[in-house]
There are 2 protein chains.
Amino acid sequence: METSTRDRIVVATARLIQRQGYVGTGIKQIAAESQATLGSIYHFFPGGKEAVAVAAIRYSAREFTALLEDALDGEADPAEAVLACTRRLAAELRESGWVDGCPVTAAALETLGTASELQQVCADALNGWERLVRDKLLGCGFPAEAAHELATTVISALEGAEVTAQVNRSEEPLLAAGRQLARLVRSYGVGTPGR
Amino acid sequence: METSTRDRIVVATARLIQRQGYVGTGIKQIAAESQATLGSIYHFFPGGKEAVAVAAIRYSAREFTALLEDALDGEADPAEAVLACTRRLAAELRESGWVDGCPVTAAALETLGTASELQQVCADALNGWERLVRDKLLGCGFPAEAAHELATTVISALEGAEVTAQVNRSEEPLLAAGRQLARLVRSYGVGTPGR
DNA sequence: GCCCGACTAAAACGATCGCTCTATTCAGAG
DNA sequence: CTCTGAATAGAGCGATCGTTTTAGTCGGGC
């Protein structure tokens, strides 16, 4: 099936932001990469570059949400689930040549002071992922406060470990973080949920 | 005392990169912020923008190394030491209005594919910090492998939690990460070093 | 006095930025 | 068929990018 022009723009933008950030990605580069023209881009996104980026970040956020859900649902034990997440991330990162990082982190860092919509979308993405992890932990019987703190820590550590892995061009930081996070989760001594 | 022009350039660049990234910071903006002129900048840094950024990142790296050393040395118990780090970071972040993040993370993310010197400097900074934490743990009697994995995890989590804190404009993510990291460190059951 | 290197100052370069504008193509409604 | 509006195409706008170039200032050695 052939993808629509709009979709090609969003997907290409997502990948470009992921690799070179929001500021570093030009509208004309997006046009070239997505096989669209400037006219098409401004037709679908009258809000200009930021509107394109917002759509791209939302797309990336959904994509990572899917990966997270998949990894979390695939393992009953929460510690194993977290470990599975890091393994998935590490594999994707290695396959991309350590280049395809987290577009949300990249875009968020560049628009921190701006109070733009882009900034808000990044915040929503992070909080959504955290909620995903928290719900998993709650479902496993973790007390509310522990689940909350653990979830934010897991998401933060995943982000940071991904950057570290990219910089060092090695999956070790991600895998190490995964093992340590799993240990941390297990330290609460909460078993996997019964059926 | 009056600071030299060169130093003003480096310090201003460090702060600008910290707030808006490498790509988002222009040479002319650096000139304006540091009360220097383009001529001065290119006189001290014939390598241009990247050379200025390299010096700025090195400067920031030393600064954060000092903060880390200070926090680590201030507490004998390694878990408390990690907690102290997050508290320090959270305080600085809040005081800056959630704007002064980690310039290394920002610069690293934007130059990932480029194999530039900037990229290398960022990697060196991260590894230096990790070594600092690792040595602290080793000094507390942690086995080598645990110390290594813990150290990379701590640094990664600090980075990620800082970004999360900035995006949410709250110190909670940093403090939560600190508490969880402390718990993780304690889970190894290694006491503080004897005299 | 003069000169020379270090440093400052600013004009100007080509390239690229995000964006606007006009023109054109094209499918479907009437 | 004509008409219409969505979609595509690309020239061109002013602004800014990083950089180069040229000129000027200033202090200390001869």
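Proteins get letters first, then strands, A, B, ... in listed order; numbering begins at 1 in each. What you are looking at is a predicted structure, and each value in this text was computed from that prediction instead of being measured. The analysis underlying the following values was restricted to heavy atoms, covering all of them including side chains, and did not include hydrogens, waters or symmetry mates.
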Practice task
Would you mind reporting whether Gln166(B) and Leu109(A) have side-chain heavy atoms less than 4.5 Å apart?
Solution key: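 Leu109(A) reaches Gln166(B) side chain to side chain.
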Problem - Basic-acidic side-chain contact under 4.0 Å: Arg58(B), Asp124(B) - result: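 Looking at Asp124(B) together with Arg58(B), the answer is no, because their closest N to O distance does not fall below 4.0 Å.
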With sugar-phosphate meaning primed atoms plus P, OP1 and OP2, does [X] contact a base, only sugar-phosphate, or nothing at under 4.0 Å between heavy atoms?
| X | value |
| --- | --- |
| Phe44(B) | sugar-phosphate |
| Ile27(A) | sugar-phosphate |
| Gly39(B) | base |

Problem - Main-chain N/O of Gly24(A) paired with Glu110(B) side-chain donor or acceptor, under 3.5 Å - result: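 No; judged by distance alone, with no hydrogens or angles, the pair does not exist.
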Problem - Phosphate-side-chain proximity, Thr5(A) and dT8(D), N/O vs OP1/OP2 below 4.0 Å - result: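 Affirmative; the distance criterion is met.
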Handout entry: Phosphate OP1/OP2 of dC7(C) contacted by Ser40(B) side-chain N/O (<4.0 Å)
Key =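 Answer no for this pair, as no side-chain N or O of Ser40(B) is under 4.0 Å from OP1 or OP2.
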Looking at [options], which one has an atom nearest to any side-chain atom of [X]?
| X | options | value |
| --- | --- | --- |
| Thr37(A) | dT8(D), dA12(C), dC19(C) | dT8(D) |
| His43(B) | dC19(C), dC7(C), dC17(D) | dC7(C) |
| Leu38(B) | dT8(D), dG10(D), dA12(C) | dA12(C) |

Exercise for the section: May I ask you to check if Lys136(A) and Phe142(A) form a cation-pi contact, with NZ or CZ under 6.0 angstrom from the six-membered ring centre and within 45° of the axis? Expected result: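 Lys136(A) over Phe142(A) ring: no.
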Problem - 5' priority, DNA chain D, between Val23(B) and Ile41(A) [closest heavy atom] - result: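 That would be Ile41(A).
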Practice task
Could you check how far CD of Glu50(A) sits from C1' of dC19(C), rounded to whole Å?
Solution key: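 My rounded result for the distance is 14 Å.
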